[in-house]
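Written out below as structure tokens is the structure these notes cover.
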Amino acid sequence: MLHLFNTLTGTRELFEPLDPPTVGMYVCGVTVYDYCHVGHARSALVFEVLRRYLEYSGYTVRFVKNFTDVDDKIIARAREQGVSCEAITNRFIEAYYEDMERLGVRRATEEPKATEHIGDIIRLTETLINKGLAYVVDGDVYFSVAHYPAYGRLSKRRLEDLQAGARVEVDERKRHPMDFALWKRSRTDEPSWASPWGPGRPGWHIECSAMSLKHLGETFDIHGGGMDLIFPHHENEIAQSCGATGKEFARFWVHNGFVQVNHEKMSKSLGNFFTIREIFAQSEWPEPVTGEVLRYFLLSTHYRAPVDFSDRALKEAKNALNSFYDLFERLKEPSTIAAHDHGDLNGVIERAQTSFVRAMDDDLNTPMAIAALHGLRGEVNKLLANALSSQGRMQARQAFRTMGKVLGLFQLEAWQFGASCAGSSVHDAGHQHEGLAPGSARLSDDEIERLVKERGEARQRKDFKKADEIRRTLSALGIIVEDKPDGTSRWKR
RNA sequence: GGCGCCGUACCCAAGUGGUAAGGGAGCAGUCUGCAAAACUGCGAUGCGGCGGUUCGAACCCGCCCGGCGCCUCCA
């Protein structure tokens, strides 16, 4: 039974979908005017994991994630570069997909764009005007917060408090300083669409109301986004949606915490952000490995807590993953043990699964879920030391795959991860590593295999001096050689 | 000024009333030709501080200290 922290109520609540087994979930995506940074990655990842876990729990998820492709910053960026807004948005949507793919973030079931819903937005705005919740001034349309009594429900703010703190210059044409634009009159060189109020474009908040309404209906299960969206964006969405339909809007509001650098929020204005592509470009690991390391790092902190980004943290994530993939490689090695001899494997797996589910059910406690996987790692290592049949080994690997899939971890083959590889002095060393060469290693696999074989031969004739010399050579190139009990060796980068 | 978050061992990080998970690093041991990996053992009498409630508090309440976020675009 999944429990989720609901920002609306400020408490952890039992999650039950409105219309099981379907779950309707809307998450605010990105404004496509620049590359994504780690903060965007975290948000995308958190809600993807929620989606994966809901699916793991047997639900069918309708997952809607939007692109904001009309916005002041997009216009500014286009002007700056002397290109059209479409050129900007197309470019960064494509970049978004590239980044997400490298992180292993699956696409949502629907990914609507604001510009494809102008008609819906206009109709919704008209409804709000007709209901007396919005008014027109010189081709602009504003939402009237004073006419929506529940304003502030999500962010727990009172209009009076907001008024006192408002530091922005007040637009004299607005009836209340907190009134916000549903529709903005366009200047001549800005993108615009015909509307009952003249040519213009939608305000920021209205698109999410219109798109969620269209794709998920008036009331749906989960609405997510970064904590910084609670106010004003989500507050305004609620006002618009509930104002227009008179119905409940999203039932659960889920917000992720920030990625920080040196304990400060990672943001454009502070200039302390790392784009996802920068991290991949600078990574010493192969691309799929870097993606998994980032996932592990981001999921090893609870989604609502802040997480501090650093090279060191990434390295720690890599080390932790190494211990899993090292095990997976050993699980692949052949066993002479009888097929029925599993020890207490079934019990061990069952207990790990119970802990894993309990953790995930508890407001998506991924750090605890990861701890359960570490527990299983230790148990399987012990069983392996006491010998485990080939069948048992496969079963164990499959358990890691199944639970790991919820977090998007453990799906690679050990050789892809750069974990221990069977050396040429052993069986089936046929793995191909082309295209995965990490920046640090200059030797080809063939050369490494040759040296490992040479070392094996030296060991056989007890020429340990020579053997150690070869190992040192390889070690200097970042290649670790491990000797197995049967006298053969495995290696890893 | 208003709203809110965080502070747990050297580092990361769970735990939100019943007596401190897990990972990394470190140290010691087993194994090994030597290693590595794995396994075993060691490590906070204490959870920012001070009070209070309670049979019992890291968890609840109050005050204080330190760090941060939102209130303006922001994942």
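Chain letters run A, B, ... following the sequence lines, proteins first and then strands; every chain starts at 1. Please read these numbers as outputs of a predicted model, since none were measured by experiment.
- Nearest to the side-chain atoms of A:E482 among the listed nucleotides B:rA37, B:rC34, B:rA75 stands B:rA37.
- A distance of 6.0 Å or more separates the ring centres of A:F5 and A:F252.
- For A:N262 and B:rC12, the CG to P distance is 12 Å, given to the nearest whole Å.
- Taking 3.5 Å as the limit, the base of B:rC12 and the side chain of A:D308 contain no donor-acceptor pair of atoms between them.
- Counting any heavy atom pair closer than 4.0 Å across all strands shown, A:H302 reaches sugar-phosphate atoms only and no base atom.
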Nucleotides 17-28 of chain B: which of its N/O atoms have a protein N/O under 3.5 Å away?
none

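- For the residue pair A:T9/A:E13, the side-chain donor-acceptor check at 3.5 Å is satisfied.
- Residue contacts for A:D468: at a heavy-atom cut-off of 4.0 Å it reaches a base atom on one of the strands shown.
- A donor-acceptor contact under 3.5 angstrom links the side chains of A:S155 and A:E235, judged on distance only.
- To the nearest whole angstrom, the two P atoms, one in B:rG43 and one in B:rC70, are 43 Å apart.
- Note on A:N365: every side-chain N or O is 4.0 Å or more away from OP1 and OP2 of B:rA14.
- Out of B:rU72, B:rU40, B:rA38, the shortest distance to the side chain of A:M178 is found at B:rU72.
- For A:F220 and A:H215, the ring centers are positioned 6.0 Å apart or more.
- No contact: A:G152 has no heavy atom under 4.0 Å from any strand.
- A:T68 approaches A:I74 most closely through the heavy-atom pair O-CD1, 3.6 Å.
- Within the nucleic acid shown, A:G39 comes within 4.0 Å of at least one base atom, counting heavy atoms only.
- Here A:F464 lies in heavy-atom contact (under 4.0 Å) with a base.
- Atom CZ in A:R472 sits about 10 Å away from atom C1' in B:rC34, given to the nearest Å.
- Listed pair A:K265 / B:rC5 fails the phosphate criterion, with no side-chain N or O lying under 4.0 Å from OP1 or OP2.
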Find every protein N or O atom lying less than 3.5 Å from an N or O atom of nucleotides 41-43 of chain B, and list the pairs.
none

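- Heavy atoms from other residues, nucleotides or ligands lying under 6.0 Å from CD of A:E350 number 12 at most.
- The separation between A:L373 atom CG and B:rA13 atom P is 19 Å, rounded to whole Å.
- Between the CZ atom of A:R158 and the P atom of B:rG1 there is a distance of 15 Å, given to the nearest Å.
- Residue-level contact check: A:R42 touches neither bases nor backbone, having no heavy atom under 4.0 Å from any strand.
- For CZ of A:R397, the number of neighbouring non-hydrogen atoms (other residues, nucleotides, ligands) closer than 6.0 Å is greater than 12.
- Remark: A:R102 qualifies as a cation-pi partner of A:F280 under the 6.0 Å distance and 45° angle criteria applied to the six-membered ring.
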Discussion item. Output the pairing pattern of RNA chain B as a dot-bracket string, 5' first, Watson-Crick or G-U wobble with both distances under 3.5 Å, | for cross-strand pairs, [ ] for crossing pairs.
Written reply: ((((((((.[[[..)..(...]]].(((((.......))))).....[[[[[..)....]]]]])))))))....
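- Note on A:T301: a side-chain N or O is less than 4.0 Å away from OP1 or OP2 of B:rA13.
- Between B:rG46 and B:rA9, the two P atoms lie 13 Å apart (nearest whole Å).
- In this structure, A:R377 is positioned above the aromatic face of A:F324, its NZ or CZ under 6.0 Å from the six-membered ring centre and within 45° of the axis.
- Here the C1' atom of nucleotide B:rA75 and the OH atom of A:Y35 are 19 Å apart, to the nearest Å.
- Using a 4.0 Å heavy-atom criterion, one finds that A:R304 contacts no nucleic acid atom at all.
- Listed here is the closest heavy atom pair of A:Q81 and A:R91: OE1-NH1, 3.3 Å.
- Residue contacts shown for A:M266 include a base, since a base heavy atom lies under 4.0 Å away.
- A straight line from CD1 of A:I480 to P of B:rU32 spans 21 Å, rounded to a whole angstrom.
- Panel note: side chain A:R201, backbone A:D71; no donor-acceptor pair is recorded below 3.5 Å.
- Listed here is the closest heavy atom pair of A:W285 and A:L314: CH2-O, 3.9 Å.
- Of the candidates A:L45, A:T290, A:I276, A:I276 is the only one forming a side chain to side chain contact (heavy atoms under 4.5 Å, CB included) with A:L103.
- Annotation for A:E94: atom CD does not count as buried by contact number, only 12 or fewer foreign heavy atoms lying within 6.0 Å.
- When distances run from any side-chain atom of A:R459 to the nucleotides B:rC68, B:rC34, B:rG15, the shortest one goes to B:rC34.
- Atom name C1', nucleotides B:rU19 and B:rC47: the rounded distance is 13 Å, in whole Å.
- When the nucleotides B:rC39, B:rC34, B:rA14 are ranked by their closest atom to the side chain of A:R471, B:rC34 comes out on top.
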